[in-house]
Amino acid sequence: MKKYNPQKIEKKWQKVFETKKLFNVKSNAKKKKEYILVEFPYPSGDGLHVGHCRSYTGLDIISRKKRMQGKNVLFPIGWDAFGLPTENYAIKHGIHPTVATKKNTDTFRRQLKSLGFSFDWSREVNTTDPEYYKWTQWIFLQLFKNGLAYKDKIAINWCPSCKIGLANEEVVSGKCERCGATVEKKEKEQWMIKITKYADRLIKDLDNVNYLEKIKIQQRDWIGRSDGAELEFKISCGLPPAPPKGRGDGLWGDVPGYLTTDAKTWRLLQEEAVKMRKNPTKAEKKLWEKLRTNRDYHFRRQQIIDKFIVDFVCLSKKLVIEVDGDIHDSKKERDQERTKILENFGFKILRFRNEEILNNTDYVIKKIVSTLETLPFGKGEGWAVEDSVKVFTTRADTLFGCTFLVVAPEHDLIKKMKDKIINWQEVKQYIEESRNKSDLQRQDQKEKTGIEVKGIKAINPANKREIPIFVADYVMANYGTGAIMAVPAHDERDFEFAKKYNLEIIRVIANKEKVRSIVWRDISKEEFAKIGIDVIEEVEINHNGKKVVMSKVEFLENKIEEFEKLIREKMPIGVWNEYVGPSGIIFNFKDKDEKISRHILSSENWEEIDKLCYEFFHEKLVDNNWKPKNVWKWLAEAENSFYKDIIIHSEYGILENSENFSGMISQEARDKIIEFVGGKKSVNYKLRDWVFSRQHYWGEPIPLVFCEKCGWQAVLEKDLPVELPKVKNYQPTDNGESPLSAITKWVNVACPECGGAARRETDTMPNWAGSNWYFLAYTFAKNGKYNWNNKDIEYWMAPALRSPKGGGGVDWYNGGMEHTTLHLLYSRFIFKFLWDIGAVPKSIGSEPYMKRTSHGMVLGEGGIKMSKSKGNVINPDTVVKDFGADTLRIYEMFMGPFDQAIPWDTKGVIGSRRFLERIYNLVIKLSSYQVIKSEKNDELESLIQRTIKKVSEDIEEMRFNTAVSALMILVNAFSEEMQKNPASPRLRRASIRDLLLLLSPFAPHLAEELWQEMKFKGLACQQSWPKFDEKLVVEEKVLLIVQINGKVRDKIEAKSGLSQKEAEELVSNSEKIKTWLEGKAVRKVIYVPNKVINIVI
RNA sequence: GCCCGGGUGGUGGAAUGGUAUACACGAUGGACUUAAAAUCCAUUGAUCGAAAGGUCAUGCGGGUUCGACUCCCGCCUCGGGCACCA
């Protein structure tokens, strides 16, 4: 008997496919087209990877099936042949890259052909073919002419040892991929493409295509649109600083901006001023409330001017407001003297009495405002608002919680304010340090760093509070405005920074309905349980050797009242309790007289509460050295951050501590606050413009010429392509220029505009340039000729039934996830651009790919990536030689889900080979029968129908593994029948026919061979795809599962389609079930026809 | 840290609310053979039992349901992508 010999069979049929040009297609308006695309390979010297084989086999199966379903299928292939490995090879061996490329593509072509893929080889494209890159250059010129290409100086990755600019992907953890030297930053002029102009469309149009959801998600994330607002923060200068050391005594009045006294006095006064600020009188408190929220003028309180502390001052207008208590004559005299001195400095003084302020506030304010209006703004002395900074934020709703401003080291504010910054040396040093850090170092540093810019302050536009300004490299110069408003309570990064530099934290968004508290252990678990609160943990706190047990509780908002009642009742004297919840952070203090005071922590009273906590704490545990400086921060860090996620969180919620906006929800407050402070809504993207220059030889030359007189000029379209000149040396030059710059003959040209002396651009294009449009090239490529042809484009890219919103494009594009954010995004952008300028027909829509799927990697044995260094590379040639191409195809489809990474298993390959052998032996045997008896075999018939259904559906859903498994089951059933009735198996010729047709996309060579052996007419791959009979798909007999309380107790064979009554009757006859039901009452019966009957007892 | 996938026998995996472990590999035993390979047959989640049969198993812990690998909540873990993007 004949033996399965794949080597012979496969060569034979590949010849047939090739000579008959079976898979070459033409535009044909009468036939429905189907354009199926796989990513064209980079023809590396290593040859085809088994991973290529897997993804190409999958799409080959789909193409073959569609062809059998009557579609005019375009399934093309080509070479993405520009690339570094080839250039490196050229450098090393002095062989021209064209030669190496030819050698590699020949290998790839041979390998692909040996696998029997149904590519249309007449449309093969090669990106390095000048005829091809003429169009790549043409596209660049259109970008240039439409203002989408521009030159910009940006930092590139520079390898000091290879003296070459590296692409990001050539940098492996901060080192040069080739020589291992540490990569540096170098500023260089680069061609950039304005992809950001298309950012919105690239997001929006994802709704119109049928990509895998994860691909859409990755693209959206990569583009990273954030909707926010730009807010303006005024910058004020001249905050009276402590005089620097060494300036000694003496008046500072002559130094602009520092109208203060000698250092010693200043420090004493400053201490006093802080005390006064903390203990304002009633009148001062009331007036301050009004003044600090004044939107037009900025006031300070307890400000030091010369030797005096004035109560309130508006520095930009030089207006001092003094609040007096009872007036004695002696005081009056001193006040007069003081007024005189201040007036000498140019201040105007307004005085009010306590009762005036308390009883007639409106009058006082009116008076102040009208006085302010008559005064001119101060100039040159640095007391006024000097400048402003814009920040970008998506969380304007948290503006009241903004307690400092951070700018990137590169921000111009620093340069502009240089004269006003009093710690300039430190700031300068920090900026220089961070400039020298590489991206890697910046990423690696765990702790945020930064430095306060002293001498200038920002004014929070919402509450007019003065806040400090920092420079820190956690803020990036090239995103948003390069400056941020820091809200430590609602941003992790800002919190981290605030913690490190001890900055104020104010919670302005309440958190959900959760309430948490750490309770002094005088209340038992049982007492909490009574009011429905569980103690989640008991913690022992060590205070100077004393162990104190506390209970952590968490409950919902509706329990607050009961909780607070319990706490107030049970708390011992001299203790406080705080709880954190949506209604705020609430403190209850019980003092010596058992008087309970209750405080809601706010931006107004935190210092007071801080002090109270400290005092209470000390009364209890005298020796403890706990000195809180900020009660918010203390809470956020208390007991392993128990409160942290309620205080410090980034979710939306209900506003608090936000003046008139308190109580609003974030979404609403966001818009209102933007309006309130006069901000402007704005949008930012993570996506950056595309760096299009490479300093390499082996790429498409950028077709531009620089003329001293005319500037950058496009090469005339008739002069395209600008071919790569032949060079002897591919080594890059010392100065970071591309190797092309050394070829003066090529570089020097006449200016296309004025005809004068000019120089060519010597940078080349990146790898993605050629792959931007290759799917268009396929539609009109013919034997190495590329005649851009809108008719062909229109036919192959026309909208098909599959498109969800009527757009056209490639019908099905499969590729790796690693190309989702680069190639896929770039080519979508370029296609949109071509569509916009009318370079492709409008009728096909502005999306190039209608459907995009992805394949998983083939890993080496043991589950690690295949690599030469690990020695676990599987060469498809070896597999084809040892097992055959059909076996390789079947195995790679069967190994697991198509989109999942699966390790190669050489032992597993044998199973696929055995499967094919089994089919071969079976069919050969059957072919020798004179007549195949067609006695009826209902079970097998039904199985065939079900298999047709399953295989058809599985191919469409790329579930190739289960499709192969279904074929195996069918073949096993055939074998079983052969064994049962070897002389006259109940198999019809039509059954064999169906089997071979189903097999043919998977194992095309074997299917054709057996098709011939069975003497069927024509070729299997040209037959119609089998159809199934819906009626026959249903099995006649089913196995009914009988469950009792959901557990399987019996399986009964039954006719399909039984009614519940019939089923129950059938079940009641079962002996097994009878014993289970003995003496039990049946409560309920659930019946799922043809599947399960569940008796509940 | 964030986003996206996974976690099921010795192994690759199947089953998207209804028989968990299809299909295949491997392993063990057997047939054929001088022998080996190939092929064919049988067994193959664990456990108790002589058997009939029972019990337990889909990363862990809860929940919904007559019934959960599948749905919901909380965690652990592996892989991939992004990474201070305000």
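Predicted model only: the values in this text are computed from it and were never measured. Sequence lines set the chain letters: A, B, ... in the order given, protein chains first and strands last, and positions in each chain run from 1. Heavy atoms only: backbone and side chains are in, while hydrogens, waters and symmetry mates are out.
- Out of B:C23, B:A15, B:A86, the shortest distance to the side chain of A:Tyr479 is found at B:A86.
- Residues that satisfy the salt bridge (charged side-chain N to carboxylate O under 4.0 Å, His left out) test with A:Arg395, not counting sequence neighbours, are A:Asp397.
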Each nucleotide N or O in nucleotides 75-81 of chain B that has a protein N or O under 3.5 Å away: list the pair and distance.
none

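- Nucleic acid contact for A:Lys686: base, since at least one base atom lies under 4.0 Å from a heavy atom of the residue.
- The nucleotide whose nearest atom lies closest to any side-chain atom of A:Asn961 is, among B:C66, B:C25, B:A14, B:A14.
- Residue-level contact check: A:Ser226 touches the backbone only, with heavy atoms under 4.0 Å from sugar-phosphate atoms and none from bases.
- Sequence neighbours left out, not one pair with a member in residues 1082-1097 of chain A passes salt bridge (Lys or Arg N to Asp or Glu O under 4.0 Å).
- Among residues at least two apart or in separate chains, salt bridge (Lys or Arg N to Asp or Glu O under 4.0 Å) pairs with a member in residues 958-969 of chain A are A:Asp954-A:Arg959.
- In the model, A:Asp200 has a side-chain atom that pairs as donor or acceptor with a side-chain atom of A:Tyr685 under 3.5 Å.
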Provide a list of protein-nucleic acid N or O atom pairs under 3.5 angstrom, restricted to nucleotides 1-12 of chain B.
{"from": "B:G12", "atom 1": "O2'", "to": "A:Met895", "atom 2": "O", "distance (Å)": "2.6"}

What are the atom names and distances for every N/O pair under 3.5 Å that joins the protein to nucleotides 44-51 of chain B?
none

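- Using a 4.0 Å heavy-atom criterion, one finds that A:Arg1049 contacts the sugar-phosphate atoms exclusively.
- In this structure, A:Phe470 and A:Phe404 have perpendicular ring planes: the angle between them is above 60°, well past the 30° mark.
- Using a 4.0 Å heavy-atom cutoff across all strands shown, A:Arg1083 reaches no nucleic acid atom at all.
- Comparing A:Ser965 and A:Val909 by the nucleotide of RNA chain B whose heavy atom lies nearest to each, the residue mapping closer to the 5' end is A:Ser965.
- For the pair A:Lys448 and A:Tyr474, the cation sits on the ring face: its NZ or CZ lies under 6.0 Å from the ring centre, inside 45° of the axis.
- In this structure, A:Arg889 forms no cation-pi arrangement with A:Phe1002, as its terminal cationic atom is not both closer than 6.0 Å to the ring centre and no more than 45° off the ring axis.
- The side chain of A:Thr393 sits closest to B:A86 out of B:G26, B:C23, B:A86.
- The separation between A:Phe915 atom CZ and B:A38 atom P is 20 Å, rounded to whole Å.
- Contacts of A:Asp882 classified as side chain to side chain contact (heavy atoms under 4.5 Å, CB included), with partners at least two apart in sequence or in another chain: A:Thr878.
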If you look only at distance, which donor and acceptor atoms sit under 3.5 Å apart when one is on a side chain in residues 1047-1057 of chain A and the other is two or more places apart or in another chain?
{"from": "A:Asp1050", "atom 1": "OD2", "to": "A:Ser1070", "atom 2": "OG", "distance (Å)": "2.8"}
{"from": "A:Ser1056", "atom 1": "OG", "to": "A:Glu1035", "atom 2": "O", "distance (Å)": "3.4"}

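- In this structure, the side-chain hydrogen bond (donor to acceptor under 3.5 Å, both in side chains) partners of A:Thr853, at least two apart in sequence or on a different chain, are A:Trp812, A:Asn814.
- Comparing B:G74 with B:G9, their C1' atoms are spaced 29 Å from each other, to the whole Å.
- Contact annotation for A:Glu818: no contact, since no heavy-atom pair falls under 4.0 Å across all strands.
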Every protein N/O within reach of nucleotides 17-19 of chain B N/O, cut-off under 3.5 Å:
{"from": "B:G18", "atom 1": "N2", "to": "A:Gln1043", "atom 2": "OE1", "distance (Å)": "3.2"}
{"from": "B:U19", "atom 1": "O2", "to": "A:Lys1051", "atom 2": "NZ", "distance (Å)": "3.1"}

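- With sequence neighbours left out, the salt bridge (charged side-chain N to carboxylate O under 4.0 Å, His left out) criterion links A:Glu939 to no other residue.
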Under 3.5 Å, which donor-acceptor pairs do the side chains of residues 907-915 of chain A form with other protein atoms, sequence neighbours left out?
{"from": "A:Arg913", "atom 1": "NE", "to": "A:Glu917", "atom 2": "OE2", "distance (Å)": "2.7"}
{"from": "A:Arg913", "atom 1": "NH1", "to": "A:Phe883", "atom 2": "O", "distance (Å)": "3.1"}
{"from": "A:Arg913", "atom 1": "NH2", "to": "A:Glu917", "atom 2": "OE2", "distance (Å)": "3.2"}

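- Nucleic acid contact for A:Arg959: none, since no nucleic acid atom lies under 4.0 Å from a heavy atom of the residue.
- Residue contacts shown for A:Trp904 are absent, as no nucleic acid heavy atom lies under 4.0 Å away.
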